[in-house]
Each structure stands twice: as C-alpha cells, then as structure tokens.
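Each chain gets a letter, A, B and so on, in the order its sequence line appears, and its residues count up from 1. Keep in mind the model is a prediction, meaning the values are calculated, not measured.
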Amino acid sequence: MSDQSDHLPADADLGRVREALVEWYEAGHREFPWRRTDDAYRILVSEVMSQQTQLSRVEEAYADFLDRWPTVADLAAADRGEVVAFWSDHSLGYNNRATYLHEAAGQVVDEYGGEFPDSPAELEELMGVGPYTANAVASFAFDNGNAVVDTNVKRVLYRAIAEIRNTEDPPYEEIANALMPSGESRIWNNAIMELGGVACQKTPRCDEEGCPWREWCHAYQTGDFTAPDVPTQPSFEGSRRQFRGRVVRALGEYDELPLSKLGPRVRVDYGGDTGEAWLRELVADLADDGLVDAEERDGETHVRLTR
DNA sequence: GTCCCGGTTT
DNA sequence: AAACCGGGAC
C-alpha cells in the first residue's frame, strides 16, 4: 500500500467511486465543441483560451479562431500581431497567451513536423504549456495524460477526502492520480472537472446536480463545505495591465500609432506624471513580451503590433 | 468587489 | 514564493 492510499476510500469502494463519477458524467454534461474533437491543436487552443476566462465566453472565440487558423501550420504561418489583435478583439484576456500560443504553434511545426507530441512531458516543453495544460492536452487529445489538477479539482478533493484537511500542504497531485483509473485520463479528467464546475462549485449544488459522491463525500456528510482559499487578484481598475490592454486594443484598431497619438487613447489624463516617459516604459514592457514593436521614425517613436 | 478548466518570470 | 498578466459577467 502506498502513502496516498491513506487518503482514499478502501479498495472495495474505490471502484464504485470511480464508476459513479464516470456514469454521472456520461448521463449528462455540458456540450462544448472541444469535447467533440481529439485534435491536439484544437484542444490546445481551447485550453489556452480557457485559462482564467469564463467558458461561456470562450465558445465563440474558439469557433472564430479555428475558422481563421484551422491547423497548427496555419497559426504558425500567421503574423503574431494578427493573433494578438484577434485575442484582444475577442476579449480573451492576458494577451501574452496569444503570443505563447503562436510560439507553441511554431515549435510544433519546427520541432515536430507539425504533429503534436502525445506525452505530458513533451507537451510541457511548448511555450505557455505548464503541467495543467500538458495533462489536459495529453488526456483529451491522446487519452494519455495524468490526472489534471486545477482549482476545481482541488476543491472537489479537499471537500471529499477528510484527511486532506489535516495536511499542511496537501499532495493533490498524488491523490488525484491515485484516484484516476489508470489509462482513462480522457473520460476521468473531463468528469472530475465537470463535477467541480457544475456540482461542486464554491456554493455546492450536491442535490440539485445529483452529485455521485454524496454517500461518500466528507463535506456532504458533515455539512462542512470549506474549500481551499483561492488567491485573490489585485483590482483591475487603474492597474498597469488595464493600460497594457488598452495599448494592444488601440494598435489592433489603428495598425500603427506614434506615442503622441497612442497616449490619449490609453488614458484620458495622459500627460504629467503619466505622460510620454510613462508610456515609453509601458510600451517597452509590451515589446519585451513580444506583443508590440517600436520604431524610431521622423523623430518620433511609432508603435505597432508585432508582425 | 469576486470569479474564471494557469503560466512565466523574478 | 510571489509578482505579473485582461477583461467581461456577476
């Protein structure tokens, strides 16, 4: 017996727990376009879009994106600025993720001849792909992943398994992997994420959604639905990233702008302490991130989205 | 204000 | 370990 089995139901129950969740998922779940494909490129696009963005808003962007760049080769051949402008236009947030996705497409074409690798370890080498996304793509495209651990899964495990609450730094990854039926990452990861997203939300909906784990869940039995703290984000209004977003949006609209025209479009109080020096620094950071290019011409600095 | 199927950089 | 990154919906 391994250590993590201490956190899990007895072997006799483990099979029932697994079956119950999979049956619950198969009996009815949300239909998303990316759940009807096993194309790694399409899966990756959906996963990157879904990071910190509401799924309901991803659907339209996902369809538009694949309409414009149907294959990984198409995306790799695109100008980066086009991808960034698309990202901004569709309000997908965190424009860096557009550059990561474009970079990753280039890696797949250059290093893998346009065919995605199928292991989490290789997928994690792609720009913008960390442990979460690597396992998601390996699972949903190739049925070859480990257990996915996101905030939804953590919440499910934290509530369901009593012993986790006694642990200072819960080994979510080990527990999640021990719980997942070996070789069934596609259905399992879909199912447990669906459970966290639909039934085991911050405000639990156990009975409404017919949670399959009620008879076994520690939280359901005790009424203590405590969940792990999610780090609260700094406020967006007035933040640096709000102004970064405005720069990208303006350049997606105007192709190219000198600082003197860009500034007033970024903030109405452009000038003074937040004048040209402030804007230069903002633009320099965006250039470092590969989002924009700056060029000196006619004694002024002109800025455009990266080609 | 909080939340959202995280990753990179320092 | 912590800061940083967008923006719409609620």
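Among B/dT8, B/dG7, B/dC5, the nucleotide with an atom closest to any side-chain atom of A/Q51 is B/dG7. Listed candidates were B/dC5, B/dC3, C/dG6. Nearest to the side chain of A/R241 is C/dG6. Of the candidate nucleotides B/dG7, C/dG6, B/dC5, B/dG7 has the atom lying nearest to any side-chain atom of A/P131. In the set C/dG6, B/dC5, B/dG7, B/dC5 carries the atom at the smallest distance from any side-chain atom of A/S50. Here B/dG6 is the nucleotide among B/dC5, B/dG6, C/dG8 with the atom lying nearest to any side-chain atom of A/T133. For A/V230, counting side-chain heavy atoms from C-beta on, the closest listed nucleotide (C/dG6, B/dT8, B/dC3) is B/dC3. Considering only side-chain atoms of A/R244, the nucleotide from B/dC4, B/dG6, C/dG6 that sits closest is C/dG6. Distance from the side chain of A/S91 is smallest to C/dG8 among C/dG8, C/dG6, B/dC5.
Atom CG in A/L44 sits roughly 14 Å away from atom P in B/dG6 (whole-Å rounding). Rounded to an integer number of Å, the gap from CG of A/L286 to P of C/dC4 is 15 Å.
Aromatic ring orientation, A/W34 versus A/F32: parallel (interplanar angle below 30°, classes split at 30° and 60°). The aromatic rings of A/F116 and A/Y41 sit tilted, their planes meeting at an angle between 30° and 60°.
When heavy atoms are screened at a 4.0 angstrom cut-off, A/G130 is found touching the sugar-phosphate backbone but no base atom. Counting non-hydrogen atoms under 4.0 angstrom, A/R35 reaches a base of the nucleic acid. Contacts of A/S46 with the nucleic acid, taken as non-hydrogen atoms under 4.0 Å apart, are absent. Within the nucleic acid shown, A/V248 has no heavy atom closer than 4.0 Å to any nucleic acid atom. Nucleic acid contact class of A/G197 (heavy atoms, under 4.0 Å, all strands): none. Across all strands shown, A/E47 has heavy atoms under 4.0 Å from base atoms, whether or not it also approaches the sugar-phosphate.
Only the C1' atoms considered, C/dC5 is 14 Å distant from B/dC4, to the nearest whole Å. Rounded to a whole angstrom, the distance from the P atom of C/dC10 to that of B/dC5 is 13 Å. A gap of 15 Å separates the P atoms of C/dG6 and B/dT10, to the nearest Å.
Residue-to-nucleotide contacts include a donor-acceptor pair under 3.5 Å from the side chain of A/Y94 to the base of C/dG6. You'll find a donor-acceptor pair under 3.5 Å spanning the side chain of A/Q233 and the base of B/dC4, going by distance alone.
Where A/L55 and A/Y100 each meet DNA chain B at their nearest nucleotide, the meeting point lying more 5' is that of A/L55.
Using a 4.0 Å cut-off, some side-chain N or O of A/R249 falls inside it from OP1 or OP2 of C/dG8. For the pair A/R240 and C/dC5, the criterion of a side-chain N or O lying under 4.0 Å from OP1 or OP2 is met. The shortest distance between the side-chain N/O atoms of A/Q52 and the OP1/OP2 oxygens of B/dG6 is below 4.0 Å.
A/Y270 approaches A/L259 most closely through the heavy-atom pair OH-O, 4.0 Å.
Helical stems involving DNA chain B, defined as 3 or more consecutive Watson-Crick or G-U pairs under 3.5 Å, span B:1-4 with C:7-10, B:6-10 with C:1-5.
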